[in-house]
Number of protein chains: 2
Amino acid sequence: MDTERKARYEARARIIKALAHPARLLIVDELRGKSRCVCELQAELELDMSTVSKHLSVLKNAGIVQDAKKGVQVYYSLRCPCVTDFFQCAEKVLLTRARDQAEVLGRTARGGLR
Amino acid sequence: MDTERKARYEARARIIKALAHPARLLIVDELRGKSRCVCELQAELELDMSTVSKHLSVLKNAGIVQDAKKGVQVYYSLRCPCVTDFFQCAEKVLLTRARDQAEVLGRTARGGLR
DNA sequence: CTAATACTTGGCTATGTTGCCAAATAAGCA
DNA sequence: TGCTTATTTGGCAACATAGCCAAGTATTAG
């Protein structure tokens with residue numbers, strides 16, 4: 001397979017992988033519009049601060065967030081607000097699935113399943 | 001934290017996670033517009049057929065693809081073509097990062113870094 | 001029925017991920 | 001200076017993932 005093509009899929013996968021965790025999705029959601037320091041995010045996530053910090057470094061390494069030190073605190077913000085589009089994409093898939101599910105159930109209720 | 005909110009992030013993460021692999025991104029790309037059988041995808045991926053099959057089952061369990069048996073072959077297709085939006089999202093992040101990178105390099109060349 | 005083809009499943013190993021705790025670092029305050 | 005607070009890093013255990021091979025299933029062809 002074409003090396004360049006392969007590299008492109010790998011680059012995309014790295015971005016998507018960085019978002020593929022509920023805690024990191026919550027972080028991205030919290031960061032919409034405003035920047036937040038680690039302890040604020042920790043309060044929402046109810047995880048050890050070291051764990052939150054690691055999630056943030058995953059997002060940072062992927063180029064999704066950036067950090068800025070303010071005194072003792074570190075404020076994180078979205079580097080590319082477009083990541084929130086991922087939510088809509090995921091939501092659409094979930095909706096499609098829910099709709100199909102409902103349809104199947106409807107057919108079953110009408111005696112379609114044997 | 002709110003249980004419902006948590007569940008929503010988990011549901012989204014499951015979808016995104018299913019896409020977070022170069023092989024599966026390639027599959028989704030191959031499936032744009034047309035359906036493909038497992039051996040066609042295998043030829044592109046250059047992976048063991050059992051591995052391809054497992055990637056497909058990950059996508060299927062996430063509700064991203066659906067399968068239809070035609071004789072001996074199994075044809076897979078996108079259940080929700082909107083997943084290709086993910087590519088654009090990922091691409092935007094990559095672009096943003098590349099642009100920032102270029103900017104930093106520009107500053108360095110002008111003697112900004114010490 | 002037998003053989004061949006297409007695919008899936010089970011099993012295994014290697015590798016990656018997530019969480020916590022403890023220790024290290026950094027900045028502001030007394 | 002030494003103390004406190006905020007954050008990061010290292011280490012480790014538990015668990016998940018990705019790949020291959022071998023074996024199982026299913027459908028068509030002879």
Side-chain angles (χ1 to χ4, degrees), chain A residues 1 6-7 9-28 30-31 34-77 79, chain B residues 1 6-7 9-31 34-77:
Chain A
M1 212 231 299
K6 206 168 161 180
Y9 287 119
E10 276 162 8
R12 288 172 182 175
R14 269 192 294 277
I15 305 291
I16 297 177
K17 207 165 167 181
L19 290 166
H21 191 285
R24 295 195 290 267
L25 288 180
L26 185 143
I27 290 173
V28 168
E30 281 301 311
L31 257 36
K34 55 193 174 299
S35 66
R36 297 293 203 122
C37 69
V38 184
C39 60
E40 283 171 329
L41 295 169
Q42 190 208 355
E44 285 290 335
L45 286 163
E46 291 163 1
L47 285 173
D48 193 277
M49 184 178 280
S50 70
T51 303
V52 177
S53 180
K54 279 174 185 169
H55 280 305
L56 285 164
S57 89
V58 169
L59 290 170
K60 188 180 162 185
N61 286 331
I64 292 166
V65 302
Q66 59 198 164
D67 58 342
K69 196 146 194 174
K70 270 198 181 170
V72 220
Q73 282 135 314
V74 178
Y75 279 83
Y76 282 86
S77 57
R79 196 152 116 182
Chain B
M1 212 229 301
K6 205 167 162 181
Y9 288 118
E10 276 163 8
R12 288 172 181 175
R14 268 192 295 275
I15 305 288
I16 296 176
K17 206 166 170 182
L19 291 166
H21 191 286
R24 294 196 290 268
L25 288 180
L26 186 143
I27 290 174
V28 168
D29 214 11
E30 281 302 311
L31 257 38
K34 53 193 177 299
S35 66
R36 298 291 206 123
C37 70
V38 184
C39 58
E40 284 172 326
L41 295 169
Q42 190 207 355
E44 286 289 336
L45 285 164
E46 290 162 0
L47 285 173
D48 194 277
M49 183 178 280
S50 70
T51 305
V52 177
S53 180
K54 277 174 188 174
H55 280 306
L56 284 164
S57 90
V58 169
L59 290 170
K60 188 179 162 187
N61 286 332
I64 292 166
V65 303
Q66 58 198 163
D67 58 341
K69 196 149 195 173
K70 270 197 180 169
V72 219
Q73 282 134 313
V74 178
Y75 279 83
Y76 281 85
S77 57

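None of these values were measured; they are calculated from a predicted model. When reading the values below, keep in mind they use all heavy atoms of this one structure, side chains included, and skip hydrogens, waters and symmetry mates. The sequence lines fix the lettering, A, B, ..., with proteins before strands; numbering per chain opens at 1.
Residue pairs that meet the salt bridge (Lys or Arg N to Asp or Glu O under 4.0 Å) test with at least one member in residues 53-65 of chain B, sequence neighbours left out, are B:K60-B:D67. Residue pairs meeting the ring pair (Phe, Tyr, Trp, His ring centres under 6.0 Å) criterion with at least one member in residues 38-71 of chain A, sequence neighbours excluded: A:H21-A:H55.
In terms of the salt bridge (charged side-chain N to carboxylate O under 4.0 Å, His left out) criterion, B:R24 has no residue partners (sequence neighbours excluded).
Among the protein residues, A:S50 comes within range of the nucleic acid bases, having at least one heavy atom under 4.0 Å from a base atom. Contacts of A:K54 with the nucleic acid, taken as non-hydrogen atoms under 4.0 Å apart, include base atoms. Within the nucleic acid shown, A:Y76 comes within 4.0 Å of sugar-phosphate atoms alone, with no base atom in reach, counting heavy atoms only.
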Apply the test side-chain contact (heavy atoms from CB on, under 4.5 Å) to residues A:E40 and A:E44: give CA-CA distance (whole Å), side-chain angles for both, the deciding distance (0.1 Å), then the verdict.
CA-CA 7 Å; A:E40 283 171 329; A:E44 285 290 335; over 6 Å; no
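Near DNA chain D, meaning a heavy atom under 4.0 Å away, there are no residues from residues 12-23 of chain A.
Contact record, A:M49 with A:C39: CE-CB, 3.8 Å, taken as the closest heavy-atom pair. Residues B:A23 and B:L47 come closest through the heavy atom pair CB-CD1, 4.2 Å. Annotation for A:A62 and A:A18: closest pair CB-CB, 3.5 Å, computed over non-hydrogen atoms.
When each of A:L45, A:I64, A:L19 is checked for a side-chain contact (heavy atoms from CB on, under 4.5 Å) with A:I27, only A:L45 meets the rule.
Here CD of A:Q66 is found 11.0 Å from OH of A:Y76. Values are rounded to the nearest 0.5 Å. Separating the NZ atom in A:K6 from the CG atom in B:L25 is a distance of 14.0 Å, to the nearest 0.5 Å.
Mapping B:C39 and A:G71 onto DNA chain C by nearest heavy atom places B:C39 closer to the 5' end of the strand.
Contact footprint of chain A on DNA chain C: nucleotides with an atom under 4.0 Å from a non-hydrogen protein atom, first to last in 5' to 3' order, C:dT17 to C:dG28. Interface limits on DNA chain D: the 5'-most and 3'-most nucleotides within less than 4.0 Å of chain A heavy atoms are D:dT5 to D:dG11.
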